[in-house]
Amino acid sequence: MGKSKRRGNSVAEAVVEPVDGGLAELIPDRDRPRAWTLLIDGAPQSHVDLDDPLHLSFEYQRRLGHVIDLAAAPGRPLHAVHLGGGALTLARYLAATRPRSTQQVVERDAALVQLVRQKLPLEPTARIRVRSVDAREGLAKVADGWADLVIADVFSGARTPAHLTSAEFLDEVRRALRPGGLYAANLADGPPLSHLRGQIATAAARFADLALVADPTVLRGKRFGNAVLVASDSPLPVAELTRRAASDPHPGRVEHGRALLDFTGGAVPVTDAKAVASPAPPPSVFR
């Protein structure tokens with residue numbers, strides 16, 4: 001079945017099962033008794049600690065956690081939409097930090113949802129509804145102005161599908177957001193950063209304020225990696241986001257305002273007619 005580790009008197013085995021999107025593996029964390037890493041076809045997707053939902057192991061998930069923390073006053077319940085579910089790490093984090101929140105998760109892979117529910121069960125009190133449909137189709141079912149926060153973290157074969165990269169997709173995001181609500185997206189790119197520049201230009205055409213959080217080496221085009229884009233029609237909490245990103249175990253840099261628009265290098269907004277999937281990561285990324 002795979003790797004195992006001893007937990008008390010029992011040995012936790014890796015779980016390997018086919019899902020709609022490929023081969024899913026749940027690998028036990030050697031350092032945390034009830035924590036697991038989810039991989040799909042060898043690509044890490046999520047890390048969950050059932051004993052400590054506030055623990056965000058992945059760099060990009062910590063940055064999205066900062067956005068969750070800054071979306072409203074501490075502890076205030078939110079209406080949140082998660083496009084892409086994985087192991088429901090961020091939904092668990094939001095439920096733990098903001099009790100009584102209402103969350104909708106859109107995860108197309110129904111077999112993955114079933115596996116996660118079975119092996120990594122949610123707290124019974126968590127108000128999390130999961131829909132197994134395409135992300136854009138699920139977003140279309142969200143009522144106008146319902147969401148305080150929309151998080152997009154959708155990858156198919158380690159690439160973001162083309163129809164989730166366009167201005168028309170962001171029109172749907174804006175429709176679902178309340179005035180002043182936040183949109184956050186996990187983006188992945190490497191040199192020459194054409195995809196990332198295009199995504200920033202697209203968001204700038206739809207939102208009044210943007211910020212980008214990433215490792216400085218990714219922003220310089222030195223390596224493939226993740227960047228978190230945050231957008232709103234109201235001013236973003238840039239100073240606090242910058243402080244939190246700088247204090248991460250792997251410090252992130254925040255680009256905002258003129259510097260961020262300059263970063264696009266003249267890229268134009270992406271439309272449905274011209275959208276393409278994000279680039280595939282090089283094999284070395286997951287070694």
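Between atom CZ of residue Arg197 and atom CG of residue Leu261 there is a gap of 13.0 Å, rounded to the nearest 0.5 Å. Phe263 CZ to His256 NE2: the interatomic distance, rounded to the nearest 0.5 Å, is 15.5 Å. The OG atom of Ser232 sits 13.0 Å away from the OH atom of Tyr183 when rounded to the nearest 0.5 Å. Here the straight-line distance linking atom CG of Leu90 with atom CG of Leu56 works out to 6.5 Å at 0.5 Å rounding. Taking CZ of Arg159 as the start and OG of Ser278 as the end, the distance is 6.0 Å to the nearest 0.5 Å. Rounded to the nearest 0.5 angstrom, Leu139 CG and Asp134 CG are separated by 10.0 Å.
A donor-acceptor contact shorter than 3.5 Å is absent between the side chain of Asp209 and the backbone of Asp233. With hydrogens and angles ignored, the 3.5 Å screen pairs a side-chain donor or acceptor of His79 with a backbone N or O of Trp146. Here the side chain of Glu25 pairs no donor or acceptor atom with the backbone of Ala14 at under 3.5 angstrom. With hydrogens and angles disregarded, no donor-acceptor distance shorter than 3.5 Å links the side chain of Ser166 to the backbone of Ala275. The closest donor-acceptor contact from the side chain of Thr89 to the backbone of Ser46 lies at 3.5 Å or more, if one exists at all. Put simply, the side chain of Arg62 gets close to the backbone of Ser57: a donor and an acceptor are under 3.5 Å apart. For the pair Asp189 (side chain) and His195 (backbone), a donor-acceptor distance under 3.5 Å is present. Judged purely by atom type and a 3.5 angstrom limit, Asn226 has no side-chain atom pairing as donor or acceptor with the backbone of Tyr60.
A search for side chain to side chain donor-acceptor pair (under 3.5 Å) contacts involving Thr102 returns Arg127, not counting sequence neighbours.
Between Asp171 and Arg206 there is a salt bridge, since a side-chain N of the basic residue sits under 4.0 Å from a carboxylate O of the acidic one.
Within the 4.5 Å cutoff, the side chain of Ile40 has no heavy atoms near those of the Phe155 side chain. The shortest distance between side-chain heavy atoms of Glu255 and Leu219 falls below 4.5 Å. Put simply, the side chain of Arg76 reaches to within 4.5 Å of the side chain of Arg98, judged on heavy atoms. Between Val142 and Glu172, the closest side-chain pair of non-hydrogen atoms is not below 4.5 Å. Side-chain contact check for Val154 versus Pro161: some heavy-atom pair is nearer than 4.5 Å. Looking at heavy atoms from C-beta onward, Arg136 lies in side-chain contact with Leu164 at the 4.5 angstrom threshold. In this structure the side chain of Glu59 never reaches within 4.5 angstrom of the side chain of Asp248, judged on heavy atoms. Between Thr271 and Glu168 there is a side-chain heavy-atom pair separated by less than 4.5 Å.
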### Query
Please walk me through it: do Gln45 and Leu39 pass side-chain contact (heavy atoms from CB on, under 4.5 Å)?
CA-CA 5 Å; Gln45 302 287 326; Leu39 297 89; 5.8 Å; no
#### Entry: Evaluation steps, salt bridge (charged side-chain N to carboxylate O under 4.0 Å, His left out), between Arg92 and Asp49
CA-CA 10 Å; Arg92 299 170 199 265; Asp49 188 337; over 6 Å; no
### Query
Taking it one step at a time, do Leu187 and Val228 satisfy side-chain contact (heavy atoms from CB on, under 4.5 Å)?
CA-CA 6 Å; Leu187 308 174; Val228 169; over 6 Å; no
### Query
Taking it one step at a time, do Gln104 and Lys141 satisfy side-chain contact (heavy atoms from CB on, under 4.5 Å)?
CA-CA 10 Å; Gln104 299 184 41; Lys141 297 182 185 300; over 6 Å; no
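Side chain to side chain, Gln103 and His82 meet the donor-acceptor criterion of an N or O pair below 3.5 Å.
Heavy-atom neighbours of Arg131 CZ from other residues, nucleotides or ligands within 6.0 Å: above the threshold of 12. More than 12 heavy atoms of other residues, nucleotides or ligands lie within 6.0 Å of CZ in Arg223, so this atom counts as buried by the packing criterion.
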Less than 3.5 Å apart, which donor and acceptor atoms pair up between the side chains of residues 111-124 and the rest of the protein, not counting sequence neighbours?
none

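Taken together through direct or relayed side-chain contacts under 4.5 Å among Ile, Leu, Val, Met, Phe, Trp and Tyr, Val105 and Leu38 form part of one hydrophobic cluster. Cluster annotation: Ile151 is not connected to Phe169 through the hydrophobic network of ILVMFWY side chains, with a link wherever side-chain heavy atoms come within less than 4.5 Å.
Of the residues Leu78, Leu149, Asp148, the one that meets the side chain to side chain contact (heavy atoms under 4.5 Å, CB included) test with Ser101 is Leu78. Test Val81, Asp144, Val150 against Leu177 for side chain to side chain contact (heavy atoms under 4.5 Å, CB included) and you get one pass: Val150. When the options Val48, Ile68, Asp52, Leu88 are evaluated for a side chain to side chain contact (heavy atoms under 4.5 Å, CB included) with Tyr93, the one that passes is Ile68.
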